[in-house]
Trainee: 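Take a look at this one; I'll ask things after.
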Number of protein chains: 2
Amino acid sequence: MKRSYDQFCGLAKALDVVGERWTLLIVRNLLLGPQRYSDLLRDLPGITTNLLAQRLQEMEAQGIIEKSDAYRLTPLGLALEPAIHALGRWGFRRMRAPARGEYRSFALLAVALRRRYRRNATLRAEVVADGVPYRFTLTKARAEIGRGDMPSPDVKLTGPGKSLARLFLDEKRQMPADVIAEGKASAVRALLSAFAASDD
Amino acid sequence: MKRSYDQFCGLAKALDVVGERWTLLIVRNLLLGPQRYSDLLRDLPGITTNLLAQRLQEMEAQGIIEKSDAYRLTPLGLALEPAIHALGRWGFRRMRAPARGEYRSFALLAVALRRRYRRNATLRAEVVADGVPYRFTLTKARAEIGRGDMPSPDVKLTGPGKSLARLFLDEKRQMPADVIAEGKASAVRALLSAFAASDD
DNA sequence: CAGGATCCGCCGCGATACTG
DNA sequence: CAGTATCGCGGCGGATCCTG
């Protein structure tokens, strides 16, 4: 009984399923790994409880996510990643410096880093931003970045999310004073230079 | 004064601008070239006149389209093409055979062909579907497909949109009886084999 | 307290009629 | 041909209320 564009067209079919408000942002947040209802609610400021619950139901019915303990992307949902990156790249080009009151988080940067990976690094790293661990698995072809810790990483960076963001975004890659870097200096350099500072 | 996700994130910024209903479908239709108000209204079944007018105003204010005689994409609007293709590819994977009452047109196929181009052909063609001409300019890197005729093409195909669609979509590439092909047989073959029949 | 469900008010959207 | 005006509904936002 849902509203549909009713066109024999891939784009129209995609928008029939993921074109409604919040849906693609939920997928984006799940790209970093499974999340609980309360995690999604916290990391999607402005969404209401009823709408989040409704979206999750619809997405599960569409086969985009599945619920076990937490909500996680199915392979079909994960296949939205190229579209999310393409839209993100377009939106990034028109972004200005963050406005006051605009929501920021290291998780949002982590998603952007997934698409900015330059390739050809081989490295396992852990980045702990504001106490939340992220694991970076860089292979020749792609970067797997998600929440969770990484056993015996080549590099470990620990610090405030703000400083870590500056470290990854600033072309100069100067280590801020409040970031602790563990591991070989060459590996630290390899990690930081594996991602483009910008992507437009 | 519009509703915004208010997140420092490329995806959220993109959806702030093109996330509302119909917007990306309008961009898709303009990928084939400038269109007048009545063309858009006719080719977007279900949209209402007020909503089309409102969207066009918003898109012009955002710098995605510009209005002169007709509406045309700006470079910024054209930059949405990769995102549209990525979403279209995802949506195509879940498509079934066209349902009854579903809107179809050769123009929708033409957009899909833009993304299915296999590269490495060099060819100028004109395809006249149901009396409406489309020009195909295939270069090594990309396919430029739009409305309008093509002076002195290497190949010219004329016929009902339905038969032309079958010709491009069927792996066997058998020429239907009601399609007239002009040009060298090798060029006709080159045109048809330049596009993947499917894209998933 | 996590994980929702319920109620209400508004505005984005759909349908139709009308205008320069 | 290219829109504007009006109206009603449903999707969405805000707040509150269950329920294990």
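Here is the naming used below: chain letters follow the sequence lines, and residue numbers restart at 1 for every chain.
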Trainee: Take atom CG of B:Asp69 and atom P of D:dC1, then tell me their distance rounded to the nearest Å.
Mentor: 13 Å
Trainee: Less than 4.0 angstrom between a side-chain N/O of B:Tyr71 and OP1 or OP2 of D:dG3, yes or no?
Mentor: yes
Trainee: To the closest 0.5 Å, what do you measure between CG (A:Leu56) and OG1 (A:Thr23)?
Mentor: 9.5 Å
Trainee: Does B:Arg119 CZ have over 12 foreign heavy atoms under 6.0 Å away?
Mentor: no
Trainee: Between B:Trp22 and C:dG12, is there a side-chain N or O to OP1/OP2 distance below 4.0 Å?
Mentor: no
Trainee: Considering every strand and a 4.0 Å limit on heavy-atom distances, what is the contact class for B:Thr49: base, sugar-phosphate, or nothing?
Mentor: base
Trainee: Given atom CD1 of A:Ile26 and atom P of C:dG4, what is their separation to the nearest angstrom?
Mentor: 12 Å
Trainee: Do A:Asn50 and D:dG14 share a donor-acceptor pair, side chain to base, under 3.5 Å?
Mentor: yes
Trainee: B:Arg36 side chain N/O closer than 4.0 Å to the phosphate oxygens (OP1, OP2) of D:dG3?
Mentor: no
Trainee: Can you see if the side chain of A:Arg21 gets near the phosphate of C:dG12 - specifically, an N or O under 4.0 Å from OP1 or OP2?
Mentor: no
Trainee: Check whether B:Phe168 forms a cation-pi arrangement with B:Arg116 (NZ or CZ under 6.0 Å from the six-membered ring centre, at most 45° off the ring normal).
Mentor: no
Trainee: I want to verify a distance call: between D:dG13, D:dG3, C:dC13, whose nearest atom is closest to the B:Tyr37 side chain?
Mentor: D:dG3
Trainee: Return the value, rounded to whole Å, for the distance between atom CG of A:Leu51 and atom C1' of C:dC7.
Mentor: 15 Å
Trainee: Grab the CD-P distance between A:Gln57 and C:dG3 for me, whole Å please.
Mentor: 15 Å
Trainee: Using whole Å, report how far CD of A:Gln54 lies from C1' of C:dT6.
Mentor: 13 Å
Trainee: Measure from CG on B:Leu41 to P on D:dT4 and round the result to the nearest Å.
Mentor: 13 Å
Trainee: Less than 4.0 Å between a side-chain N and a carboxylate O, is that true for B:Arg93 and B:Asp199?
Mentor: no
Trainee: Base, sugar-phosphate or nothing for A:Arg42? Non-hydrogen atoms, less than 4.0 Å.
Mentor: nothing
Trainee: For a side chain to side chain contact (heavy atoms under 4.5 Å, CB included) with A:Val188, tell me which candidate from A:Leu123, A:Val155, A:Asp154 qualifies.
Mentor: A:Val155
Trainee: Look at the side chain of A:Ser38 and decide which nucleotide, out of C:dG3, C:dG14, C:dC13, has an atom nearest to it.
Mentor: C:dG3
Trainee: CD1 of B:Ile47 versus P of D:dG3: gap in Å, rounded?
Mentor: 13 Å
Trainee: Which whole-number value in Å describes the distance from B:Arg55 CZ to D:dT4 C1'?
Mentor: 16 Å
